[in-house]
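To start, the structure itself, in structure tokens.
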Amino acid sequence: PLCVTTKKMKNKHILIFFLSLNLFSQDFNESLNYIETENQNCLDKGKFMYNCSLEFYNKSDSLLNVVYKNIRKKLTKIEKENFKNKQLKWLKLRNEKFKKINNQDTEQGNELDDLMVKNQYKSDIVNKRTRFLISNYINKKPNKTFSEITKFIPKNYSILDSVKGDLNKDEFDDYILVLRKKDEEKSSKYNENKPEKRHLLILIGNSQGKLELKAENENAVLCIDCSGAIHGDSFEKVVIKNGYFSIEYYTAGGNTKWSRIITFKYNNLEENWFLHKDGTEYFRFNNSENLNSEAIIKTGEEILTVKNFGEIQFEKFNIYK
């Protein structure tokens, strides 16, 4: 039968571990790697696996506290307050994720095996935060340069637009790239239902200071001739702000014009981006003879929200439909 470590023994063991972290606090990555390896070795034995997961969570939580305190003692008063507020926001999100895990069906029944799996999930969330704090505050590495980003660009493609910002609200620099096929102005045949599609890549800065391709969609950006010969290429730019990103369009040619902004929002629990709003405004030249009147006037708008289109994940969004 599975047994549970007594509270007294557990607290003593964790206290010893906690004190050892203070003594060897200069290499927290090594400490984190150690407890992860120790946990895996314990699970591999196939015995007392609930105990393994419980001890793993307690050690993970202790390490996070040690790292947090180590960072705080090196900050100014104002920096400490800002750092504290950021940690409180994370704790709120952590509690939401833990609640979701508690209600999750692990397909392991309702006993210790189920709790073991849930402890593992919770430990992973805590350790992800610890790695972030270590990388961003203790072993902070320089941002990726543009030349390093180019490795994500496939052959025969070039960058149409690039923007840097925080896409998943983890305080790391992320990037969005919009890629165009070389000579797309010749090869794109939208009227023949053969558009030369543009790829939008989401590159996320991770806890190791590297970039990874998190999401990609070739149907998120209109092609060069999608708006017709009169209006021309309507793509304007991509904007990132606080976990949101928007793809913006504006038509330059013709007597009638339109602008469109398609916005995606990051979902913390799902760790993905979903369509948030799709808004189009319509304009035309003003025929008024009044010299003080606006040259272009708005004639209408269409604003669609989640109530209209439902839940659409970024990678499944298709602007052509």
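Side chains are part of it too, since the values below use all heavy atoms of this structure and drop only hydrogens, waters and symmetry mates.
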message: Are Y250 and F235, when compared by the centres of their aromatic rings, separated by less than 6.0 Å?
response: no
query: Ion pair present between E270 and K97, side-chain N to carboxylate O less than 4.0 angstrom?
result: no
query: Between K316 and E311, is the closest basic N to carboxylate O distance under 4.0 Å?
result: no
Closest heavy-atom pair and its distance - D173, L211: O-CD2, 4.1 Å
- prompt: So do D113 and M49 actually touch side chain to side chain, heavy atoms under 4.5 Å?
  reply: no
query: Are side-chain heavy atoms of D174 and I240 found at a separation under 4.5 Å?
result: no
query: Would you call E55-K59 a salt bridge at under 4.0 Å N-O?
result: yes
field: Minimum side-chain heavy-atom gap K181-Y157 below 4.5 Å
entry: yes
- line: Here the gap from Q120 atom CD to S53 atom OG, rounded to the nearest 0.5 Å, amounts to 5.5 Å
query: Is K122 positioned over the aromatic face of Y57, cation under 6.0 angstrom from the ring centre and no more than 45 degrees off axis?
result: no
statement: So CZ of R129 and CG of N127: to nearest 0.5 Å the spacing works out to 13.0 Å
message: Any heavy-atom pair between the side chains of T256 and F283 that's under 4.5 Å?
response: no
- prompt: Could K197 and Y320 be counted as a cation-pi pair, given that NZ or CZ must be under 6.0 Å from the ring centre and within 45° of the axis?
  reply: yes
message: Nearest 0.5 Å, please: how far is OG1 in T37 from CD in E30?
response: 10.5 Å
query: In the hydrophobic clustering that connects Ile, Leu, Val, Met, Phe, Trp and Tyr at side-chain heavy-atom distances below 4.5 Å, which members other than L269 occupy its cluster, ordered by chain and number?
result: L93
- line: One should read off an interatomic distance between L177 CG and I149 CD1, to the nearest 0.5 angstrom, of 6.0 Å
task: Verify the ring-centre separation between F314 and F245: is it less than 6.0 angstrom?
output: yes
query: When rounded to the nearest 0.5 angstrom, what distance separates NZ in K194 from CG in D225?
result: 13.0 Å
task: For the pair H231 and W258, name the ring-plane relationship: parallel under 30°, tilted 30 to 60°, perpendicular over 60°.
output: perpendicular
field: Residue among Y244, F317, F264, Y266 satisfying ring pair (Phe, Tyr, Trp, His ring centres under 6.0 Å) with W273
entry: Y266
field: N272 side chain reached by N267 side chain, heavy atoms, under 4.5 Å
entry: no
- prompt: Between H199 and N217, is any pair of side-chain heavy atoms under 4.5 Å apart?
  reply: no
- prompt: Short question: side chain of N70, backbone of V66 - any donor-acceptor pair under 3.5 Å?
  reply: no
message: Using a strict threshold of under 4.0 Å (side-chain N to carboxylate O), is an ion pair present between K128 and D124?
response: no
Presence of salt bridge, R260 and D278, under 4.0 angstrom: yes
message: For a 4.5 angstrom cut-off between non-hydrogen side-chain atoms, does V67 reach I134?
response: yes
Chi angles and distances behind the salt bridge (Lys or Arg N to Asp or Glu O under 4.0 Å) call for R198, E184: CA-CA 9 Å; R198 293 164 163 175; E184 65 174 6; 2.7 Å; yes
query: Does the N136 side chain pair with the main chain of F132, one donor and one acceptor, at a distance under 3.5 Å?
result: no
- request: Find out whether V306 and L275 are in side-chain contact, i.e. whether some heavy atom of one side chain is under 4.5 Å from a heavy atom of the other.
  value: no
- prompt: Applying the 4.5 Å side-chain criterion to the ILVMFWY set and letting contacts propagate, would V163 and F172 be lumped into a single cluster?
  reply: no
task: Taking only Lys NZ, Arg NE, NH1 and NH2, and the carboxylate oxygens of Asp or Glu, determine whether K186 and E196 approach each other closer than 4.0 Å.
output: no
